[in-house]
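The structure appears right after this line, and notes come after that.
Chain letters run A, B, ... following the sequence lines, proteins first, then strands; residues in each count from 1.
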Amino acid sequence: MTEKETNEIREEKKSLNFIEQIVEEDLKSGKHKEIITRFPPEPNGYLHIGHAKSIILNFGLGEKYNGKTNLRFDDTNPVKEDVEYADSILEDVKWLGYKWHGEVRYASDYFEQLYEWAIKLIKDGYAYVDDQSGEEISATRGTPLQPGKESPFRNRSVEENLDLFERMRKGEFKDGEKVLRAKIDMSSPNMHMRDPVMYRIKHAEHHRTGNKWCIYPMYDFTHGQSDYIEGITHSICTLEFENHRPLYDWFLDRIYEEGKTRPRQIEFARLNLSYTVMSKRKLLKLVENGYVSGWDDPRMPTISGLRRRGYTPESLKIFAEKVGVAKRENIIDVGLLEYSVREHLNKTAQRLMTVLDPLKVTITNYPEDKEEMLPAVNNPEDESAGTREVPFSGTLYIEREDFREEANRKFFRLKPGGEVRLRYAYFIKCNEVIKDENGNITELLCTYDPLSKGGKSPDGRKVKGTLHWVSAKHAVDVDVRLYDRLFSDETPDGHKDKDFTEFINPESLSVLKNCKSEPFIKNAVPGDRFQFERKGYFCVDKDSSKDKIIINRTVALRDSRSKKNG
RNA sequence: UGACCCAUGGUGUAACGGUAGCACUGCAGAUUUUGGUUCUGCCUGUCUAGGUUCGAAUCCUGGUGGGUCAGCCA
């Protein structure tokens with residue numbers, strides 16, 4: 001290898017994000033021989049693009065450093081969780097292309113162990129049963145500026161605590177009657193250290209443990225220990241858990257046994273995207289109030305929505321890579337997400353010609369009844385994709401916007417007396433414009449140049465415009481759903497006095513009926529992706545039936561024409 | 001008036017005490033049978049005030065600005 005080549009490799013080497021740096025240091029120092037990360041969703045909603053970032057981060061780390069990544073449901077609150085959500089989460093992770101290590105894990109599988117640790121803490125004088133009501137606990141917790149007050153039950157004997165806690169488990173008390181709290185410091189400047197609740201009573205059926213338990217551990221008493229049980233080395237979460245870290249460590253300090261892997265919590269900034277909302281609550285509102293058709297509506301920033309919209313797993317990985325990982329609050333331009341799909345789809349998508357807004361064109365000098373098949377390239381970025389045959393005839397459709405009666409110099413599509421190329425077909429010249437009684441253009445009469453077959457210039461004359469087209473006789477009617485951003489404001493939930501729903505874009509969906517596509521589309525099945533030449537990337541929707549193909553626009557092609565004024 | 005965290009072009013993200021780089025966006029141009037792709041060039045940045053140092057985006061201190069925390073949610 002030459003010096004130049006090694007330099008190039010060095011230059012191409014991506015710099016590490018701060019978590020990768022920590023991982024590499026831990027591996028290098030021998031702190032860990034192998035890393036184990038985890039993705040720990042609560043099954044209480046659908047995953048969104050922000051979760052995708054986290055999934056890609058965690059599983060990506062596992063892959064990159066030859067470690068493992070677990071998938072664990074943080075299912076400690078039975079009243080909010082549901083198998084429907086759990087199933088969708090599994091589907092999304094699989095779709096992204098990741099395989100979790102071993103079986104799916106559940107925090108609920110650790111309830112017995114957690115209970116034993118709770119007993120240990122009681123015995124060691126680190127936990128107590130509190131009889132105060134929720135309101136009382138809340139009122140005595142203090143504020144960030146003022147210390148809290150100790151519970152009158154804080155100094156119960158170990159024996160009494162043990163007895164009470166056991167009876168909590170047995171179901172002797174009603175919801176809210178008692179809780180188990182950690183005995184830490186009611187005057188701590190960190191609110192999470194003011195005797196946090198470890199267990200609460202909920203006589204509710206759990207989606208996995210059924211009615212076995214009526215006490216459920218809180219997140220803080222569950223997460224770190226679950227990490228510990230699984231041998232997680234790097235427990236990566238978002239910034240809002242930063243203040244929980246002292247508590248995460250406090251519990252671990254009390255149960256940790258020498259020689260075992262001790263997990264480290266690391267926080268990074270969650271993803272925010274412009275022109276959308278990301279919180280589960282708000283997404284739920286969009287679904288419940290019918291602003292969208294469901295969690296997988298192609299306008300939703302959910303993984304299932306993006307999938308239906310036509311995004312590829314690869315495109316989301318490209319996106320995650322470009323977005324990076326850091327601790328700074330951020331709002332990513334949705335344009336970067338769009339750029340990422342285009343980048344992937346440009347290299348992989350089958351090209352097709354589809355006319356979205358048809359205008360009839362009759363080739364007056366083309367022999368009546370004649371048809372011919374013309375070869376077209378399937379993907380100019382991928383020679384191995386080969387070619388296909390596209391039928392041509394004397395009656396065609398072109399895009400209505402590709403013709404203008406009055407056109408300036410910068411408009412180099414079809415105009416009266418002007419000549420354009422029909423892609424892979426012929427040069428045509430417009431001779432006559434036919435209109436209805438209202439003055440609407442209904443048809444164009446053109447002539448073609450037989451010598452320009454294949455779109456080649458027979459005499460070297462320049463024809464700047466190239467249009468897509470479809471033979472009328474062979475056209476397949478399809479419905480196309482055009483999507484635009486769901487909100488008209490960059491940060492719809494960033495206004496104090498206005499609800500985010502006020503910024504919903506009324507034109508986020510428009511449906512085009514009877515678009516004309518070439519016959520190739522007939523074999524398409526839901527999920528198939530195409531580039532409709534000159535228009536954008538599209539994806540066959542699951543709503544398609546045998547007699548009607550329905551297509552979603554993933555994203556339009558970049559368009560430098562609309563930015564200038566051609 | 002507390003604790004913790006953060007601060008680099010319009011947006012993201014590097015630089016680990018030694019020339020502020022990359023990507024996206026924007027602008028200009030080349031190529032082009034997609035006004036796509038590709039290629040070239042350009043614009044724009046270290047929150048502020050001190051300090052340490054031969055040298056500071058980087059280390060220290062004070063400000064300023066932003067985020068998180070008062071669920072028996074995660």
Notebook entry, point to check: NA contact type, A:V79, heavy-atom cut-off 4.0 Å: base, sugar-phosphate, or nothing?
Noted result: nothing
Item checked: Side chain A:Q531 and base B:U34 donor-acceptor under 3.5 Å -> yes
Checklist line | Check: A:Q21 side chain, B:C16 base, donor-acceptor under 3.5 Å | finding: yes
Next item on the list: Scan A:S138 against the nucleic acid and name what it touches under 4.0 Å (heavy atoms): base, sugar-phosphate only, or nothing.
Entry: sugar-phosphate
Next item on the list: Please determine if A:K202 forms a cation-pi arrangement with A:Y216, meaning its NZ or CZ atom is less than 6.0 Å from the six-membered ring centre and no more than 45° off the ring axis.
Entry: no
Margin query: What contact category does A:F241 fall into here, base, sugar-phosphate, or nothing, at under 4.0 angstrom with non-hydrogen atoms?
Written below: base
Margin query: When the C1' atoms of B:C16 and B:A56 are compared, how many Å lie between them, rounded to an integer?
Written below: 13 Å
Note to self: Just confirming the chi classification of B:G71, syn or anti, using 90° around 0 as the syn window.
What the structure shows: syn
Notebook entry, point to check: What nucleic acid atoms does A:L557 come within less than 4.0 Å of, heavy atoms only: base, sugar-phosphate, or nothing?
Noted result: base
Next item on the list: Take A:P380 and A:E42, find for each the nucleotide of RNA chain B with the closest heavy atom, and name the residue whose nucleotide sits nearer the 5' end.
Entry: A:P380
Next item on the list: For the side chain of A:E242, starting at C-beta, report the closest nucleotide among B:U13, B:C5, B:C72.
Entry: B:C5
Margin query: In whole Å, measure the gap between the P atoms of B:U58 and B:A23 for me.
Written below: 25 Å
Check: Which nucleotide in the set B:A14, B:A74, B:U34 lies at the smallest distance from any side-chain heavy atom of A:N17?
Finding: B:A14
Margin query: Does a side-chain N or O of A:R558 approach OP1 or OP2 of B:U37 to a distance below 4.0 Å, or not?
Written below: yes
Checklist line | Distance below 4.0 Å between A:K322 side-chain N/O and B:C22 OP1 or OP2 | finding: no
Next item on the list: Pick out which of A:R181, A:R154, A:K183 makes a side-chain hydrogen bond (donor to acceptor under 3.5 Å, both in side chains) with A:D195.
Entry: A:R154
Item checked: A:Y275 six-ring centre to A:R485 NZ/CZ under 6.0 Å and within 45° of normal -> yes
Note to self: I need the NE2-P distance between A:H244 and B:A3, as an integer number of Å.
What the structure shows: 18 Å
Checklist line | Distance under 6.0 Å and angle within 45° of ring axis: A:R208 vs A:Y106 | finding: yes
Margin query: Could you check whether any side-chain N or O of A:R194 sits under 3.5 Å from a backbone N or O of A:T140, counting only pairs where one atom can act as donor and the other as acceptor?
Written below: no
Checklist line | Nucleotide of B:C73, B:G67, B:G12 approaching A:I332 most closely (side-chain heavy atoms) | finding: B:G12
Item checked: Ring centers of A:Y426, A:F392 separated by less than 6.0 Å -> yes
Check: A:N70 side chain to A:R72 main-chain N or O, any donor-acceptor pair under 3.5 Å?
Finding: no
Item checked: Distance in angstrom units between A:M218 CE and B:G71 P, rounded -> 10 Å
Note to self: Just N and O in the side chain of A:S15: are any of them under 4.0 Å from OP1 or OP2 of B:C22?
What the structure shows: no
Checklist line | Atom C1', compared across B:G9 and B:A14: separation rounded to whole Å | finding: 14 Å
Notebook entry, point to check: Which is true for A:M353 with a 4.0 Å heavy-atom rule: it touches a base, it touches only sugar-phosphate, or it touches nothing?
Noted result: nothing
Note to self: How many whole angstroms separate atom CZ of A:R342 from atom C1' of B:U37?
What the structure shows: 12 Å
Notebook entry, point to check: Does the base of B:G36 carry an N or O that pairs as donor and acceptor with the side chain of A:E381 under 3.5 Å?
Noted result: yes
Check: Which whole number of Å gives the distance between the P atom of B:G45 and that of B:C5?
Finding: 31 Å
Next item on the list: Using the side-chain hydrogen bond (donor to acceptor under 3.5 Å, both in side chains) rule, pick out the option among A:K462, A:R461, A:K429, A:K464 that qualifies with A:E419.
Entry: A:R461
Margin query: Using a 4.0 Å heavy-atom cut-off, does A:Y424 contact any base of the nucleic acid, only the sugar-phosphate backbone, or nothing at all?
Written below: base
Margin query: Between A:K535 and A:I331, which residue's closest nucleotide on RNA chain B lies nearer the 5′ terminus?
Written below: A:I331
Next item on the list: May I ask you to check if A:R423 and A:W469 form a cation-pi contact, with NZ or CZ under 6.0 angstrom from the six-membered ring centre and within 45° of the axis?
Entry: no
Check: For A:F18 and B:G12, what is the distance between atoms CZ and P respectively, to the nearest whole Å?
Finding: 16 Å
Next item on the list: Name the nucleic acid region contacted by A:T143, choosing base, sugar-phosphate or nothing; use a 4.0 angstrom heavy-atom cut-off, strictly under.
Entry: base
Note to self: As a quick check of understanding, evaluate side-chain contact (heavy atoms from CB on, under 4.5 Å) for A:I22 and A:R264, giving each step before the final call.
What the structure shows: CA-CA 10 Å; A:I22 291 170; A:R264 196 237 270 216; 3.4 Å; yes
Notebook entry, point to check: A:L145 side chain: which of B:U1, B:C6, B:A14 is closest?
Noted result: B:U1
Next item on the list: Answer yes or no: does a side-chain N or O of A:Y219 lie under 4.0 Å from OP1 or OP2 of B:C73?
Entry: no
Note to self: If the cut-off is 4.0 Å, is A:R200 near the phosphate of B:A74, judged by side-chain N/O to OP1 or OP2?
What the structure shows: yes
Notebook entry, point to check: Looking at B:U25, does its base get a donor-acceptor pair with the side chain of A:D333 below 3.5 Å?
Noted result: no
Note to self: Within the 4.0 Å heavy-atom criterion, would you say A:L336 contacts the bases, only the backbone, or no part of the nucleic acid?
What the structure shows: sugar-phosphate
Check: Which part of the nucleic acid, if any, lies within contact of A:G335, taking any heavy atom under 4.0 Å across all strands shown: a base, the sugar-phosphate backbone alone, or nothing?
Finding: nothing
Next item on the list: Report yes if a side-chain nitrogen or oxygen of A:R141 is closer than 4.0 Å to either non-bridging phosphate oxygen (OP1 or OP2) of B:C72; otherwise report no.
Entry: yes
Note to self: For RNA chain B, report each stem as range with range, ordered by first number, or say none. Use Watson-Crick or G-U wobble pairs under 3.5 Å, at least 3 in a row.
What the structure shows: B:2-7 with B:64-69, B:10-13 with B:21-24, B:26-30 with B:38-42, B:47-51 with B:59-63
Checklist line | Heavy-atom donor-acceptor pair, A:R328 side-chain to B:U13 base, under 3.5 Å | finding: no
Check: Can you find a side chain N or O atom of A:T76 that sits less than 4.0 Å from OP1 or OP2 on B:A74?
Finding: yes
Notebook entry, point to check: If you look at every strand shown and take non-hydrogen atoms under 4.0 Å, does A:K202 touch a base, only sugar-phosphate, or nothing?
Noted result: sugar-phosphate
Checklist line | Nearest-neighbour nucleotide for the A:P189 side chain, B:G2, B:G35, B:G36 considered | finding: B:G2
Note to self: From the set B:U32, B:U37, B:U34, return the single nucleotide nearest to any side-chain atom of A:E533.
What the structure shows: B:U34
Notebook entry, point to check: Hey, does A:Q132 reach any base, or is it just sugar-phosphate, or nothing, if we go heavy atoms under 4.0 Å?
Noted result: base
Next item on the list: State which of B:G35, B:C69, B:U34 makes the closest approach to the side chain of A:R413.
Entry: B:G35
Notebook entry, point to check: When you measure from the side chain of A:N243, which nucleotide among B:C24, B:U13, B:C69 comes out closest?
Noted result: B:C69
Check: Using the benzene-type ring in the case of Trp, are the ring centres of A:Y219 and A:H223 under 6.0 Å apart?
Finding: yes
Check: Hey, is the side chain of A:H192 pairing donor to acceptor with the base of B:A3 inside 3.5 Å?
Finding: no
Next item on the list: Would you indicate what A:V179 reaches in the nucleic acid, counting non-hydrogen atoms under 4.0 angstrom: base, sugar-phosphate, or nothing?
Entry: base
